[in-house]
Amino acid sequence: MRALGGLMQRLGLRSKGQSGLRPDGRPGSLFAPDAEWAPTHRHRKGGLYRVLAHGVLEADRSDAVIYDDAEGVIWIRARAEFEDGRFTPLQG
């Protein structure tokens, strides 16, 4: 568990508690975004997201992007999909 705490600190996340449900009752993240959450990308459908890290998908060893939204839900997507025009970097 100490390793998870270190990862959360590096990513600027804090524990939300035990529920694992978003306020609307749907499954969500156990993590809440930092108070200073700022998006880095916009999805072509309009959603705002913040890239947290790059990783490797275990199943096929392909590159992946780990990102979250303003509600604290953490998403993982193949890097090729993330960079195929679905997401546009925000000028910051």
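Quick caveat: nothing in here was measured; it's all calculated off a predicted structure.
At distances below 3.5 Å, not a single donor-acceptor pair connects side-chain atoms of Ser62 with backbone N or O atoms of Leu57. Asp63 places no side-chain N or O within 3.5 Å of a backbone atom of Val65 that could act as its donor or acceptor partner. Proximity of a side-chain donor or acceptor of Asp68 to a complementary backbone N or O of Gly72 within less than 3.5 Å is not detected.
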query = side chain to side chain donor-acceptor pair (under 3.5 Å) between Arg77 and Tyr67: does it pass, once the steps are laid out?
reply = CA-CA 8 Å; Arg77 183 184 292 264; Tyr67 57 103; 3.0 Å; yes
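Within the model, atoms CZ of Phe87 and CZ of Arg42 stand 12.0 Å from one another, a figure rounded to the nearest 0.5 Å. Atom CZ of Arg86 is separated from atom NE2 of His43 by 6.5 Å, given to the nearest 0.5 angstrom. The CD1 atom of Ile74 sits 6.0 Å away from atom CG of Leu52, with the distance rounded to the nearest 0.5 Å.
Put simply, the side chain of Leu48 does not reach to within 4.5 Å of the side chain of Thr40, judged on heavy atoms.
For an aromatic pair to be called close, the ring centres must be under 6.0 Å apart, and His41 with Tyr49 fails this.
Hydrophobic clustering (ILVMFWY, side-chain heavy atoms < 4.5 Å, transitive): Trp75 and Val51 are in one cluster. One hydrophobic cluster holds both Trp37 and Leu90 under the rule that ILVMFWY side chains link at heavy-atom gaps under 4.5 Å.
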